[in-house]
Amino acid sequence: MDICVKIAKELNVQKWQVEAAVKLIDEGNTIPFISRYRKEATGALNDEVLRNLFDRLQYLRNLEEKKEQVLS
């Protein structure tokens, strides 16, 4: 399952909001920066939702990495 879809369902937000936030996070932006200055890009996700999104993103990416290590 796509990580963005899973996170969107868990946090009850739109997939495009998660994708935009993930893109900004991957570019090296911090959560406070995204929350304050990139509201238009994320659909005004607040700081709490962005932190939860970031935590879940890290967890799910690490889980996928471990799955691949075990399978190989």
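Quantities reported herein were computed from a predicted structural model and do not represent experimental measurements.
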Which atom pairs, one a donor and one an acceptor, fall under 3.5 Å between side chains of residues 27-41 and the rest of the protein, sequence neighbours left out?
unit_1	atom_1	unit_2	atom_2	d
Asn29	ND2	Leu24	O	3.0
Thr30	OG1	Phe33	N	3.3

Taking atom CG of Leu53 and atom CZ of Arg56, what is their separation to the nearest 0.5 Å?
10.5 Å

Please enumerate all residues that pass side-chain hydrogen bond (donor to acceptor under 3.5 Å, both in side chains) together with Lys15, with sequence neighbours excluded.
Glu19

With side chain to side chain contact (heavy atoms under 4.5 Å, CB included) as the criterion, how do Val18 and Val5 come out once you've worked through the C-alpha distance, each side chain's angles and the decisive distance to 0.1 Å?
CA-CA 8 Å; Val18 174; Val5 172; over 6 Å; no

Partners passing side-chain hydrogen bond (donor to acceptor under 3.5 Å, both in side chains) against Gln17 (at least two apart in sequence or in another chain):
none

CG on Leu57 to CZ on Phe54, rounded to 0.5 Å
7.5 Å

With Lys67, which residues qualify under salt bridge (Lys or Arg N to Asp or Glu O under 4.0 Å), at least two apart?
Glu64

In chain order, what residues pass the side-chain hydrogen bond (donor to acceptor under 3.5 Å, both in side chains) check against Asp26, with sequence neighbours excluded?
Arg61

Cut-off 3.5 Å, no hydrogens considered: what does the side-chain donor-acceptor table look like for residues 45-52, sequence neighbours left out?
unit_1	atom_1	unit_2	atom_2	d
Asn46	OD1	Glu48	N	3.2
Asn46	OD1	Val49	N	2.8
Asn52	ND2	Glu48	O	3.4

Least distance between heavy atoms, Ala20 atom then Thr42 atom
CB-CA, 4.4 Å

Euclidean distance, Cys4 SG relative to Leu60 CG, rounded to 0.5 Å
10.0 Å

